[in-house]
Enquirer: 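Dropping the structure in here first, questions after.
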Amino acid sequence: MIKVLVTGGAGFIGANFVHFLRRHRPDWQIINLDLLTYAGNPENLRDLENDPQHTLVKGDVAEGELVAGLFARYGISRVVHFAAETHVDRSILDPAVFVRTNVLGTFFLLEAARQAWKDLPQEAAPRFLHISTDEVYGSLGSKDPPVTEAAPYAPSSPYAASKAGADFLVRSYFRTYRLPVLITNCSNNYGPYQFPEKLIPFSIRQALEQKPIPLYGQGGNVRDWLFVEDHCRALLTVLEQGQPGETYNIAGLQEKTNLELVRLLLSLLQEMRPDLGDLERLITFVPDRPGHDWRYALNCRKIDTALGWRPQVNLEEGLGRTISWYLSHLEWLNRVCSGAYRQFLQKQYGAGVI
Ligand code: NAD
Ligand code: DAU
């Protein structure tokens with residue numbers, strides 16, 4: 001039986017991936033290591049509470065002994081590494097934890113895998129999939145072509161730099177030790193379970209509460225949007241069919257300025273909830289994020305050609321499904337907006353926003 005260590009599986013993409021695995025690989029045993037920070041929520045896994053194929057372990061990827069112990073105890077032969085501090089604005093306010101979790105945490109996982117997998121028989125075919133981001137390639141201009149996997153790294157924020165550092169460590173473990181690693185770099189995800197600090201769920205929440213929706217600068221920055229379910233399908237494809245040592249870009253192929261995106265989101269929300277009135281009036285331009293990357297865009301021909309993956313959910317459909325999910329999970333939304341989160345918002349935007 002395949003035993004897979006998923007890290008960060010109580011967070012947004014991780015929880016979606018755990019559910020995806022339960023549906024598509026029901027015989028796999030999932031060990032889910034998550035520190036349950038503000039972004040990790042066991043409620044995202046409630047339906048798996050009594051599932052013998054899923055074990056949630058509360059713990060820190062940056063604690064070497066704990067991580068090594070899990071490999072020994074469970075006989076792990078696959079790793080899917082999501083655990084990270086992920087919010088750019090938080091990395092600007094408090095970068096230290098990003099270096100600890102994202103860089104040191106990745107190191108301890110790599111080291112545990114290297115030690116544990118030394119003596120595995122070949123047929124165990126172990127694999128270490130590291131989830132990275134398009135942000136490591138840095139900012140593009142409006143007319144630049146989308147970047148390929150061969151593009152140089154040029155991270156801007158402490159978050160992006162910590163992910164770049166982790167990626168370099170992962171690459172080094174292939175080159176030096178032949179550890180069977182794979183790296184994926186993907187664009188902005190959206191969908192169910194995303195913590196409402198990120199643009200889409202934050203805008204939904206503000207709209208529901210009839211509060212200002214802050215857009216940084218003039219809202220002209222461009223992001224490429226990938227529905228989380230498409231991402232999960234890409235990750236399982238890479239885990240099973242990717243070539244160890246390779247990197248694969250995963251794109252949504254749906255670029256929008258932040259203003260275009262929020263307008264589309266609000267118009268869809270308004271159709272479902274006409275009682276909320278005209279929502280565009282809530283859009284408020286605020287001072288720009290320091291070091292704000294202008295645009296990200298990925299060329300994902302490699303994963304299409306080599307592994308036959310391409311995104312299937314278009315933006316309008318994905319946003320509709322996302323809004324419906326949040327509307328039917330209002331209690332979830334209220335509960336995750338804890339006191340600690342409110343403090344962060346106040347620091348970020350001032351008292352008017354909350
Ligand atoms: P998230 O912030 O929603 O979840 C992160 C999870 O990691 C949480 O469950 C948290 O409790 C856990 N975690 C944090 N520190 C930990 C530690 N020290 N030990 C164990 N667990 C810890 O993040 P997400 O948006 O789901 O992102 C998952 C991964 O995907 C990250 O590596 C991120 O860099 C990458 N990524 C995200 C996006 C995106 O748009 N969300 C895009 C590209 C790449
Ligand atoms: O590109 C992949 C990355 O996408 C991931 O690696 C990160 O983990 C994830 O957080 C995300 O980073 P972004 O900074 O692009 O996402 P965020 O949702 O924070 O912001 C999206 C865009 O919207 C960005 O240009 C900043 C802007 N923004 C964001 C917020 C929260 C606003 O204008 N106002 C806001 O309130």
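We count residues from 1, following the sequence as given. Read the numbers this way: they start at 1 and go in the same order the structure lists the ligands and their atoms.
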Enquirer: Suppose we measure from atom 42 (C) of ligand 1 to each protein heavy atom; which comes out shortest, and what is that distance?
Expert: Ser187 O, 3.4 Å

Enquirer: Of all the heavy atoms in Ala15, does at least one lie under 4.0 Å from an atom in ligand 1?
Expert: no

Enquirer: State whether the shortest distance between N or O atoms of Cys186 and N or O atoms of ligand 1 falls below 3.5 angstrom.
Expert: no

Enquirer: Should one rank Thr37, Asn102, Thr86 by closest heavy-atom distance to atom 27 (O) of ligand 1, which comes out on top?
Expert: Thr86

Enquirer: Distance under 4.0 Å to a non-hydrogen atom of Asp134: what atoms of ligand 2 satisfy this?
Expert: 1 (O), 2 (C)

Enquirer: Closest non-hydrogen protein atom to atom 4 (O) of ligand 1, residue and atom name please, with distance?
Expert: Gly11 CA, 3.5 Å

Enquirer: Counting only heavy atoms, tell me which of Leu235, Thr101, Leu109 gets closest to atom 15 (N) of ligand 1.
Expert: Thr101

Enquirer: If you measure from each non-hydrogen atom of Asn185 to ligand 1, which part falls under 4.0 Å: side chain, backbone, both or neither?
Expert: neither

Enquirer: Looking only at non-hydrogen atoms, which of Val97, Asp34, Asn32 approaches atom 9 (O) of ligand 1 most closely?
Expert: Asp34

Enquirer: Return yes or no for this condition: an N or O of Tyr159 is under 3.5 Å from an N or O of ligand 2.
Expert: yes

Enquirer: Where the side chain of Asp34 meets the backbone of Leu56, is there a donor-acceptor pair that is under 3.5 Å apart?
Expert: no

Enquirer: Between Val57 and Asn32, is there a side-chain heavy-atom distance shorter than 4.5 Å?
Expert: no

Enquirer: Does the separation of the ring centres of Trp309 and Tyr248 fall below 6.0 angstrom?
Expert: no

Enquirer: Quick check on contacts: which atoms of ligand 2 are under 4.0 angstrom from a heavy atom of Asn258?
Expert: 22 (C), 23 (O), 24 (C), 25 (O), 27 (C)

Enquirer: With atom 14 (O) of ligand 2 as the reference point, say which of Arg295, Arg289, Arg223 has the nearest heavy atom.
Expert: Arg289

Enquirer: Measuring from atom 32 (O) of ligand 1, which candidate in Lys198, Lys163, His231 has the nearest non-hydrogen atom?
Expert: Lys163

Enquirer: Where's the contact between Tyr159 and ligand 1, heavy-atom distance under 4.0 Å: side chain, backbone, both or neither?
Expert: side chain

Enquirer: Can you report which non-hydrogen protein atom sits closest to atom 40 (O) of ligand 1, along with the distance?
Expert: Asn189 N, 2.9 Å

Enquirer: When you measure from the heavy atoms of Lys163 to every atom of ligand 2, does any distance fall below 4.0 Å?
Expert: no

Enquirer: For Leu215, counting its heavy atoms only, list the atoms of ligand 2 lying under 4.0 Å from any of them.
Expert: 33 (O)

Enquirer: For ligand 1 and Asp60, I'd like to know whether there is a polar contact (N/O to N/O, distance under 3.5 Å).
Expert: yes

Enquirer: With atoms numbered from 1 as shown, which atoms in ligand 2 lie under 4.0 angstrom from a non-hydrogen atom of Lys198?
Expert: 10 (O), 18 (O)

Enquirer: According to salt bridge (Lys or Arg N to Asp or Glu O under 4.0 Å), who are the partners of Asp230, at least two apart in sequence or on a separate chain?
Expert: Arg233

Enquirer: What part of Ala62, side chain from CB on, backbone N/CA/C/O, both or neither, has a heavy atom under 4.0 Å from ligand 1?
Expert: neither

Enquirer: I need the nearest protein heavy-atom contact for atom 35 (C) of ligand 1: residue, atom name and distance, please.
Expert: Ile131 CG2, 4.1 Å

Enquirer: Which residue supplies the protein heavy atom nearest to atom 31 (C) of ligand 1, what is that atom called, and how far is it?
Expert: Phe82 O, 3.1 Å

Enquirer: Taking the side chain as every heavy atom from C-beta outward, state whether Phe17 and Val80 have any atom pair closer than 4.5 Å.
Expert: yes

Enquirer: So if I count the atoms of ligand 2 from 1 in the order they appear, which ones are less than 4.0 Å from some heavy atom of Phe202?
Expert: 36 (O)

Enquirer: Compare all side-chain heavy atoms of Arg127 with those of Val79 and state whether any distance is below 4.5 angstrom.
Expert: no

Enquirer: Identify the protein heavy atom lying closest to atom 19 (N) of ligand 1, giving its residue, its atom name and the separation to 0.1 Å.
Expert: Val61 N, 3.0 Å

Enquirer: Would you call Ser132 a ligand 1 contact, heavy-atom distance under 4.0 Å?
Expert: yes

Enquirer: With sequence neighbours excluded, what pairs up with Arg301 under the salt bridge (Lys or Arg N to Asp or Glu O under 4.0 Å) test?
Expert: none

Enquirer: For atom 24 (C) of ligand 2, which candidate among Glu135, Glu85, Gln218, His292 holds the nearest heavy atom?
Expert: His292

Enquirer: Heavy-atom distance under 4.5 Å between the side chains of Tyr190 and Val228, does that happen here?
Expert: no

Enquirer: What do you reckon, does Trp225 have a nitrogen or oxygen under 3.5 Å from a nitrogen or oxygen of ligand 2?
Expert: no

Enquirer: Pick, from Gly8, Ala84, Gly191, Gly59, the option with the minimum heavy-atom distance to atom 5 (C) of ligand 1.
Expert: Ala84

Enquirer: Hey, which atoms in ligand 2 end up nearer than 4.0 Å to a heavy atom of Glu197?
Expert: 31 (C)

Enquirer: Nearest to atom 25 (O) of ligand 1, what protein heavy atom do you find, and at what distance?
Expert: Phe12 CD2, 3.6 Å

Enquirer: Identify, by atom number and element, the atoms of ligand 2 in contact range of Pro214, meaning under 4.0 Å from any of its heavy atoms.
Expert: 32 (C), 33 (O), 34 (N), 35 (C), 36 (O)

Enquirer: Is a side-chain N or O of Gln206 found less than 3.5 angstrom from the main chain of Ile213, in a donor-acceptor match?
Expert: no

Enquirer: Considering only heavy atoms, which of Leu66, Asn16, Leu33, Leu35 lies nearest to atom 16 (C) of ligand 1?
Expert: Leu35

Enquirer: May I ask you to list the atoms of ligand 2 that are less than 4.0 angstrom from any heavy atom of His87?
Expert: 19 (O)

Enquirer: Any atoms of ligand 1 less than 4.0 Å from a non-hydrogen atom of Ala83? List them with their elements.
Expert: 7 (O), 20 (C), 21 (N), 22 (C)

Enquirer: Verify whether the ring centers belonging to Tyr38 and Phe195 lie closer than 6.0 Å.
Expert: yes

Enquirer: Closest non-hydrogen protein atom to atom 37 (C) of ligand 1, residue and atom name please, with distance?
Expert: Ile13 CD1, 3.5 Å

